[in-house]
Chemist: 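I have a structure I would like to understand better, so I am pasting it below and will then ask my questions one at a time.
Quantities reported herein were computed from a predicted structural model and do not represent experimental measurements.
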Amino acid sequence: TQGWSDEERYKFYHTTQGSRLIPYQWLVALEEPESTEKTVKMLLSDTVTDRYRFVVDPEAQDHLPVGFVKECDEDITLDKECNGKENVWVGLTCAACHTSQIEHEGKHIRIDGGASMADFMGYLEHLSDTLIKTQNPPQHDPSKFDRFARKVFEEEVSDKEKEGLRKQIQTYTTDLN
């Protein structure tokens with residue numbers, strides 16, 4: 001350890017830097033591109049976190065990796081204060097770039113404050129690809145977008161709402177790329 005208290009580590013992991021990456025509801029609703037109705041694989045998973053070398057946060061109930069944080073209001077600094085708020089985004093904290101974890105003799109060693117080994121560009125490309133394939137689902141899984149929309153809105157969705165969501169995704173992915 002770095003000799004940090006639990007409170008110091010919590011603040012390092014969860015203090016927003018104002019970097020709104022993606023709407024929270026989108027991220028938790030996204031399925032992996034190869035996911036189908038029969039074999040659902042969520043984007044926000046330990047498998048994807050490991051693939052891009054982010055650090056799995058075992059305390060995160062929603063599978064956000066260390067350094068990914070909910071952002072909901074310019075005046076709010078800690079993600080735990082977002083509960084029940086609308087317009088929640090996922091952003092990055094210092095820990096996303098400055099926390100890594102190595103394994104030695106079967107033991108995980110967390111390094112806080114050092115360089116991350118994460119592949120941010122690979123992750124952003126995967127995120128963009130995932131959104132594009134969700135917006136325009138493959139022929140073998142035409143219901144992918146409908147599943148996504150129901151999760152985002154947490155209810156059945158009208159065709160008008162779906163079209164609005166498609167346009168939002170298109171604008172977002174254009175800006176992301």
Side-chain angles (χ1 to χ4, degrees), residues 1-72 76-85 88-134 138 140-141 144 147-148 151-152 173 176-177:
T1 68
Q2 315 309 80
W4 293 352
S5 69
D6 289 343
E7 181 181 354
E8 289 169 318
R9 179 168 286 110
Y10 183 85
K11 285 181 179 178
F12 182 67
Y13 287 0
H14 300 277
T15 301
T16 180
Q17 298 299 304
S19 59
R20 294 183 175 193
L21 177 63
I22 185 171
Y24 175 77
Q25 283 303 117
W26 290 14
L27 187 60
V28 298
L30 276 172
E31 298 176 10
E32 281 280 83
E34 72 276 3
S35 183
T36 67
E37 192 167 20
K38 292 182 181 181
T39 59
V40 174
K41 296 177 185 175
M42 302 308 293
L43 177 71
L44 200 53
S45 67
D46 292 353
T47 302
V48 175
T49 297
D50 286 340
R51 182 183 318 148
Y52 293 99
R53 296 185 306 276
F54 291 105
V55 178
V56 172
D57 186 351
E59 296 176 14
Q61 295 177 349
D62 46 17
H63 292 282
L64 288 176
V66 169
F68 284 57
V69 65
K70 292 180 200 173
E71 297 183 4
C72 53
I76 293 176
T77 57
L78 297 177
D79 67 338
K80 67 181 179 181
E81 299 172 27
C82 282
N83 293 336
K85 305 273 185 187
V88 178
W89 283 70
V90 172
L92 303 175
T93 73
C94 293
C97 297
H98 298 285
T99 301
S100 58
Q101 186 165 286
I102 59 174
E103 187 175 334
H104 178 69
E105 296 180 357
K107 185 175 183 178
H108 293 283
I109 302 166
R110 178 81 49 95
I111 303 167
D112 292 320
S116 169
M117 295 183 282
D119 178 6
F120 283 100
M121 292 309 297
Y123 182 78
L124 290 176
E125 289 170 6
H126 185 72
L127 180 61
S128 179
D129 183 55
T130 301
L131 281 163
I132 289 167
K133 288 181 178 170
T134 297
H140 71 273
D141 188 20
K144 184 183 285 279
R147 291 193 307 274
F148 172 74
K151 290 175 190 171
V152 167
T173 54
L176 187 61
N177 292 321

Chemist: At what distance, to the nearest 0.5 angstrom, does NE2 of H108 lie from CD1 of I102?
Modeler: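 So the NE2 of H108 and the CD1 of I102 are separated by 11.0 Å.
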Chemist: Would you compute the distance between atom CG of D46 and atom CZ of R51 and round it to the nearest 0.5 angstrom?
Modeler: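 Taking CG in D46 and CZ in R51, the distance rounds to 12.0 Å.
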Chemist: Is there a donor-acceptor contact under 3.5 Å from the side chain of T49 to the main chain of S45?
Modeler: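 Checking the backbone N and O of S45 against the side chain of T49, a donor-acceptor pair under 3.5 Å is found.
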Chemist: Going by heavy atoms in the side chains, are E32 and T47 under 4.5 Å from each other?
Modeler: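 No. Closest side-chain heavy atoms not under 4.5 Å.
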Chemist: Does S128 use its side chain to pair, donor to acceptor, with the backbone of L124 at less than 3.5 Å?
Modeler: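 Not a single qualifying donor-acceptor pair exists.
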Chemist: Could you grab the distance from atom CZ of F54 to atom OG of S100, nearest 0.5 Å is fine?
Modeler: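 One finds 12.5 Å between CZ of F54 and OG of S100.
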Chemist: Which pair of heavy atoms, one from A29 and one from K151, lies closest together, and at what distance?
Modeler: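 Smallest interatomic distance, heavy atoms only, reads CB-CB, 3.5 Å.
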Chemist: What pair of heavy atoms forms the shortest contact from V28 to M42, and how long is it?
Modeler: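 Scanning both residues completely, I find the closest heavy atoms to be O-CE, 3.3 Å.
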Chemist: Does a side-chain heavy-atom distance below 4.5 Å link D112 with E8?
Modeler: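 No, side chains not in contact.
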Chemist: Is there a donor-acceptor pair under 3.5 Å between the side chain of S35 and the backbone N or O of T39?
Modeler: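 Yes, because the side chain of S35 sits within donor-acceptor range (under 3.5 Å) of the backbone of T39.
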Chemist: Could you tell me whether E103 atom CD has more than 12 heavy atoms of other residues or ligands within 6.0 Å of it?
Modeler: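 Buried by this count: over 12 neighbours within 6.0 Å.
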Chemist: Check the pair R147 / D141 against side-chain contact (heavy atoms from CB on, under 4.5 Å), numbers first and verdict last.
Modeler: CA-CA 10 Å; R147 291 193 307 274; D141 188 20; 2.7 Å; yes
Chemist: Quick one, Y123 and V48 - any side-chain contact, counting heavy atoms below 4.5 Å?
Modeler: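 Yes - at least one pair of side-chain heavy atoms lies under 4.5 Å apart.
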Chemist: Specify the closest pair of heavy atoms between K133 and P33, including all atoms of both residues, with the distance to one decimal.
Modeler: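 Taking every non-hydrogen atom into account, CD-CB, 3.7 Å.
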Chemist: Measure the NZ-OG1 distance between K11 and T93 for me, rounded to the nearest 0.5 Å.
Modeler: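 The OG1 atom of T93 is 14.0 Å from NZ of K11, to the nearest 0.5 Å.
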Chemist: Is there side-chain contact between L21 and L27, with at least one heavy-atom pair below 4.5 Å?
Modeler: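 L21 does not reach L27 side chain to side chain.
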Chemist: Are the aromatic rings of F120 and Y52 close, with centres under 6.0 Å apart?
Modeler: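 No, the ring centres sit 6.0 Å or more apart.
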Chemist: Given side-chain contact (heavy atoms from CB on, under 4.5 Å), test V69 with L64 step by step and report yes or no.
Modeler: CA-CA 7 Å; V69 65; L64 288 176; 5.9 Å; no
Chemist: Compare all side-chain heavy atoms of Q25 with those of P23 and state whether any distance is below 4.5 angstrom.
Modeler: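 No, too far: nothing below the 4.5 Å cut-off.
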Chemist: So how far is it from H126 NE2 to L30 CG, rounded to the nearest 0.5 Å?
Modeler: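 CG of L30 is found 9.0 Å from NE2 of H126.
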Chemist: Hey, does the side chain of S19 reach the backbone of L92 with a donor-acceptor pair shorter than 3.5 angstrom?
Modeler: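 Confirmed, S19 side chain pairs with L92 backbone.
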Chemist: For R20 versus W89, what's the shortest heavy-atom pair and its separation?
Modeler: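 Smallest interatomic distance, heavy atoms only, reads CB-CE3, 3.6 Å.
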Chemist: Show your working on side-chain contact (heavy atoms from CB on, under 4.5 Å) between E31 and T134 and close with a plain yes or no.
Modeler: CA-CA 8 Å; E31 298 176 10; T134 297; 5.8 Å; no
Chemist: Could you give the distance from CZ (F68) to CG (L44), rounded to the nearest 0.5 Å?
Modeler: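 Taking CZ in F68 and CG in L44, the distance rounds to 8.5 Å.
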